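Everything on this sheet refers to the single structure shown next.
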Amino acid sequence: MTSILTKAEAETEETHRRNAARAGVAERMLAKIGVTPAYRRDEPEPDEDETPFNPFAPFADLPPIPDARGDNRRFGGRAHNVDAGRLWGGTTAQIQGLYPFPAASGARVRGVPFGRHLHTAEPIGLDPSQWMHDGLVTNTGIWVQGQPGIGKSAAIKRLGVGLVAFGFAMVVPGDIKDEYSDLVEALGGKVFRIGRGLDSLNPLDLGPLRAAIRSSVGARREQLESQSRGRRLDLMESLITIVGGQDLTATERLLLAMAVDIADIANKRYGKPDPTIPEIVTVIDDGNTELYRVVAAENDIEYRRAVRDFRNTLLLLCEGPIKGMFDRASSFEVDANLPAVSLSLKAVEDDGDDVVSAAMMCAWAWSSGLIEGKQAAGQRRNVFQPQDELWRALRAAPGLVEKSDRITRLNRHRGVVSAQSTHSMTDLEALPTEADRAKAKGMVARNAVKVIGGLDNAEMDRLHAVSPFTSAERELVTRWSAPPTWVPGQRHPGRGKYLIKSGSRMGLPVSVDLTPHEMKLYNTDGAFDNVNKARR
């Protein structure tokens, strides 16, 4: 049945339609049920003779707009297939002319492409050497901290690969877990494995400095000889401190310095290589007038009684737990042109802290001598130096923090980018003395760049006391610290996420996605690759 409207009803319905055409969404819905707001009823009716405004009037004579494939005519731009649109992201520097509204994170892509900003997807570059050149930081030290398994080593390795591509040489001094060996070999470098029955490293070996000293004359030669002597004595003092468990006295330092000088002069006179620790023990055993004077001994009996403890401590370096590693001539030489070099200490990983500390201190001093030798020979090349498991080398005996800090304190002047890595600030509390703990905190604070992974609230409080973080940054980092569910196969929320912090600037939250090749090369969980196969 068809309803018949009266003339008045038809006019009313027409009025409703006109009002609805000018109304918003809410009014259109009301108009469908015949309800008109009061303010609309009071509006004057438009003149029926008035032509409504048409914004497309200038284009009324144009042909119809073609569909997505274009007009099917000559020169109509007809396309038989139209691909679906793709979503692209970019920075304001790239697409500001197309879409000028996005806001960048404020970080320029300088240095190694490290990852993408978590909030803006902007590429973030990380390179302390470039940042120092740009005036953003005052030194080239990086402090890397996070829970085990969040990807600290992967972050350091990505930075190292990028710096090697920029012309740096990567020197890994003391790879206690053998994590960098595959990477170093993939870069075309060499891995030397220190241990009993493996390669040996003479702490008194001048290494690359030897050639630089021989080619120098005058004041420059004296400077290099003094520099090499100081490095030798620092390392020997560190080793004796580790084995003896306490710092050397002034008399013992002077006795060691004179014994090293006597052995070095004798070897040069007879054309022998650099002296070794057993030769230093022999010099002390023989004694002479100068050594007698150092310990204030009148005769041989008084002398031997005075040097007995020091001599036996030095002999422990040859007969104790580290026998065969540092008591003979170095078994290898390093080509200065290698892109990467690593000293693997995997063979002593399960030994005591004294053995590991001695090995790592020797490796650090060796790498420092390698850098100094390159520069002294005129081969100016920047170096990237990762130091993993830092605290295993510092907690064996008092005073080692100062000695290790002395090795890295001049990195900026030597062109070295160092990356020191650890799991927790509580490692500081394991250091022997309060002075060591205070110096270690200062060493953390001196690193201009902090790369922080997932940490719990207590750990963030400790880190905040050394380097301040905002409340939002602390909340972000703690959210990365633990998986939200027990469902297997879920990715850890902090995996590949880091907060890059420098001074009081706002931190840069970065997500690092590894390529398939990187995931294979940087893998540190290879010991568990066969777990599923064994349980099938």
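Keep in mind it's a predicted model, so treat the numbers as computed, not measured. Positions are given from 1 along the sequence.
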Start with the C-alpha gap between Leu343 and Phe332, add the side-chain angles, then the distance that decides, and say whether side-chain contact (heavy atoms from CB on, under 4.5 Å) holds.
-> CA-CA 11 Å; Leu343 288 185; Phe332 59 89; 3.7 Å; yes
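- Here Phe469 pairs with nothing under the ring pair (Phe, Tyr, Trp, His ring centres under 6.0 Å) rule; sequence neighbours left out.
- For Pro273, there are no side chain to side chain contact (heavy atoms under 4.5 Å, CB included) partners at least two apart in sequence or on another chain.
- Glu225 and Arg221 are joined by a salt bridge, as a carboxylate oxygen and a charged side-chain nitrogen come within less than 4.0 angstrom of each other.
- With sequence neighbours left out, Asp178 forms a side chain to side chain contact (heavy atoms under 4.5 Å, CB included) with Asp175, Ser181, Arg193, Ser344, Lys346.
- Sorted by first and then second residue, the ring-ring contact (aromatic ring centres under 6.0 Å, His included) pairs with a member in residues 222-242 form an empty list; sequence neighbours excluded.
- With respect to the salt-bridge test (charged N to carboxylate O, under 4.0 angstrom), the residues Arg232 and Asp274 qualify.
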Intermediate values then yes/no, ring-ring contact (aromatic ring centres under 6.0 Å, His included), Phe168 and Phe384 = CA-CA 6 Å; Phe168 278 62; Phe384 175 63; 7.8 Å; no
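- Salt bridge annotation for Arg116-Glu122: absent, with no cationic side-chain nitrogen under 4.0 angstrom from a carboxylate oxygen.
- Summarising the geometry, atom CD belonging to Gln145 is positioned 9.5 Å from atom CZ belonging to Arg462; distances are rounded to the nearest 0.5 Å.
- One N or O on the side chain of Arg253 and one on the backbone of Leu248 form a donor-acceptor pair closer than 3.5 Å.
- A salt bridge is defined here as a Lys NZ or Arg NE, NH1 or NH2 lying under 4.0 Å from an Asp or Glu carboxylate O, and Arg229 with Asp264 fails to meet this definition.
- Residues forming a side chain to side chain contact (heavy atoms under 4.5 Å, CB included) with Thr276 (at least two apart in sequence, or on another chain): Asn202, Pro278, Glu279.
- Every residue meeting the ring pair (Phe, Tyr, Trp, His ring centres under 6.0 Å) condition with His119, not counting sequence neighbours, appears here in chain and number order: His117.
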